[in-house]
Protein chains: 2
Amino acid sequence: MSGPIGFQCQNHSVCMSTMLAQAQDHCTALGLRLTPVRRRTLEILLAEHRALGAYDVLKHLAAEGLGTQPPVAYRALDFLVKAGFAHKIEALNAYTACVHPGQDHAPAFLICRNCQSVAEADTAPAKGRLGDAARAAGFVIERTVVEATGLCPDCVGEAA
Amino acid sequence: MSGPIGFQCQNHSVCMSTMLAQAQDHCTALGLRLTPVRRRTLEILLAEHRALGAYDVLKHLAAEGLGTQPPVAYRALDFLVKAGFAHKIEALNAYTACVHPGQDHAPAFLICRNCQSVAEADTAPAKGRLGDAARAAGFVIERTVVEATGLCPDCVGEAA
DNA sequence: TTCGTATTGATATGTTATAACATCCGGTCT
DNA sequence: AGACCGGATGTTATAACATATCAATACGAA
């Protein structure tokens, strides 16, 4: 669906339906329920290659009569994150669809500060020097957040 | 204030006064002003080896008559972050004193989910695989956030 | 002193996130 | 069918985090 690390995907509607199907299969396999709100929330995230705030998602949902109150969006987003279909971008307090759901992975993000696009790389930070430092200290890592902010290829070009 | 790697400092009052002196020198050298609110805010952060929310800081400041409104705390924290004396922990929406101010560095944090202590490591993530991936994609990294959540040595022990 | 800028004071508001509790819906056990 | 149970939703309220704006003041440079 995309280049080396996820900026640009050539065929977005294919990418979306593939992801949705994968999510559906995964839920079926694990006995999870991809309810209308959850499914639509995932579609909303997939429709953009960027991070959306919970209230942005809520606006979309509200426009379609799927719920008007914050918990609606947060519950759906929490479900998607727990199920591995989406990630929270801490630096933005926003959410983005996962580009390879199902797999247990430690994602790293490249976030464009100009166009808000988000690319998901898959480096394993806990394996590098940070992991060494943690082990040396006796610290047990459970979760890592790796987020790089900067300019994506398109926006670097524009700036020139 | 305990255990290895940046968790500990054996002598906290020395550590605090050292840091404060460094901050003062750095400000003097650069023509920045370490005003009472800013200085006190730094002291408050240094007094704990953990991250404090802006409103936690504000409570301390308010108790000492240094300001009661949110902007007071946010301005002081922004100043400290910009000057390199503190960092924002994105995963917690909270702030912590920098353990080696002045130096330009790309910090990485180990955050205990049990006791909220924070250790600052100094790995350079943009130099590793993430940096390679970014370069390959044409993405220009300007800032990185690396935060690992888990259990610190003390709390790993307690859990057992 | 005068000017310009950084800082502070103060009010209001915007944004993100969760607590708490009622209700509904789908499955299962008897 | 009826009783029950658990997950999902609906709804209200509020907690927690953050900034815009504008007036007043302090500070250093010219």
Side-chain angles (χ1 to χ4, degrees), chain A residues 23-24 27-28 30-42 44-45 50-83 85-96 111 116 145 147, chain B residues 23-24 26-42 44-45 50-62 64-83 85-96 111 113 116 145 147:
Chain A
Q24 184 62 74
C27 283
T28 304
L30 273 69
L32 301 173
R33 292 165 55 188
L34 192 59
T35 62
V37 180
R38 292 169 177 177
R39 182 184 178 86
R40 189 68 194 109
T41 299
L42 180 53
I44 290 164
L45 291 181
R50 60 193 190 93
L52 293 180
Y55 282 73
D56 294 329
V57 170
L58 182 57
K59 277 189 205 96
H60 283 86
L61 292 175
E64 304 170 28
L66 286 170
T68 59
Q69 300 306 317
V72 173
Y74 281 101
R75 284 165 179 162
L77 290 167
D78 287 350
F79 171 84
L80 295 175
V81 168
K82 281 201 187 118
F85 304 145
H87 297 292
K88 179 172 186 186
I89 308 293
E90 298 289 350
L92 300 176
N93 293 320
Y95 301 81
T96 191
I111 305 157
Q116 284 78 55
V145 172
E147 297 170 1
Chain B
Q24 183 63 73
H26 187 75
C27 284
T28 303
L30 273 71
L32 301 173
R33 293 163 57 187
L34 192 61
T35 62
V37 180
R38 292 168 177 178
R39 182 185 178 86
R40 190 69 194 106
T41 298
L42 180 53
I44 290 164
L45 291 181
R50 59 193 192 94
L52 293 180
Y55 281 69
D56 294 329
V57 170
L58 183 56
K59 277 190 205 95
H60 283 87
L61 292 175
E64 303 171 28
L66 285 171
T68 59
Q69 301 306 317
V72 172
Y74 282 102
R75 284 165 178 164
L77 289 167
D78 286 349
F79 171 85
L80 295 176
V81 169
K82 281 203 186 116
F85 304 145
H87 297 292
K88 179 170 187 184
I89 308 294
E90 298 288 350
L92 300 176
N93 293 319
Y95 301 81
T96 192
I111 305 157
R113 67 167 160 79
Q116 286 78 53
V145 171
E147 298 170 2

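Naming convention: chains lettered A, B, ... in sequence-line order (proteins, then strands); numbering from 1 in each chain. The figures that follow rest on heavy atoms only: side chains count, while hydrogens, waters and symmetry mates do not.
Taking each heavy atom of A:Ala94 and A:Ala51 in turn, the nearest pair found is CB-CB, 3.6 Å. When every heavy atom of A:Leu80 is checked against every heavy atom of A:Thr41, the shortest pair comes out as CD1-CG2, 3.7 Å. The nearest pair of heavy atoms linking A:Leu61 to A:Ala73 is CD1-CA, 4.4 Å.
Whole-Å rounding puts the B:Lys82 NZ to C:dT7 P distance at 10 Å. Taking atom CG of A:Leu32 as the reference point, atom C1' of C:dG27 lies 16 Å away to the nearest angstrom. Rounded to a whole Å, the CG atom of B:Leu77 is 14 Å from the C1' atom of D:dT19. Between the C1' atom of C:dT5 and the CZ atom of B:Phe79 lies a distance of 15 Å, rounded to the nearest Å. Rounded to whole Å, atom C1' of D:dA8 lies 6 Å from atom CZ of A:Arg38. The nearest whole Å value for the distance from the CG atom in A:Leu34 to the P atom in C:dG26 is 16 Å. Protein atom CG of B:Leu61 is 13 Å distant from nucleotide atom C1' of C:dT8, rounded to whole Å.
Residues passing the side chain to side chain contact (heavy atoms under 4.5 Å, CB included) test with B:Asp78: none are found, sequence neighbours excluded. When the salt bridge (Lys or Arg N to Asp or Glu O under 4.0 Å) test is applied to B:Arg113, the partners found at least two apart in sequence or on another chain are A:Glu142.
Computed from C1' positions of five pairs at each end, the angle between the two local axes of the helix from C:dT1-D:dA30 to C:dT30-D:dA1 equals 30°, rounded to 10 degrees.
Between B:Lys88 and B:Thr96, every side-chain heavy-atom pair lies at or beyond the 4.5 Å cut-off. Looking only at side-chain heavy atoms (C-beta outward), B:Leu77 and B:Leu45 come within less than 4.5 Å of each other. A 4.5 Å side-chain heavy-atom check between A:Phe79 and A:Tyr74 finds every atom pair outside the cut-off.
Within the model, atoms CD1 of A:Ile44 and CG of A:Leu52 stand 8.0 Å from one another, a figure rounded to the nearest 0.5 Å. With rounding to the nearest 0.5 Å, the separation of CD in A:Glu90 from CD in B:Glu147 is 7.5 Å.
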For residues 31-39 of chain B, which side-chain N or O atoms pair as donor and acceptor with protein atoms under 3.5 Å away, sequence neighbours left out?
{"residue": "B:Arg38", "atom": "NH1", "partner": "B:Arg33", "partner atom": "O", "Å": "2.8"}

What nitrogen or oxygen pairs link the protein and nucleotides 11-17 of chain D at under 3.5 Å?
{"residue": "D:dT11", "atom": "O4", "partner": "A:Arg75", "partner atom": "NH2", "Å": "3.4"}

Using the 3.5 Å cut-off, write out each protein N or O paired with an N or O of nucleotides 23-30 of chain D and the distance between them.
none

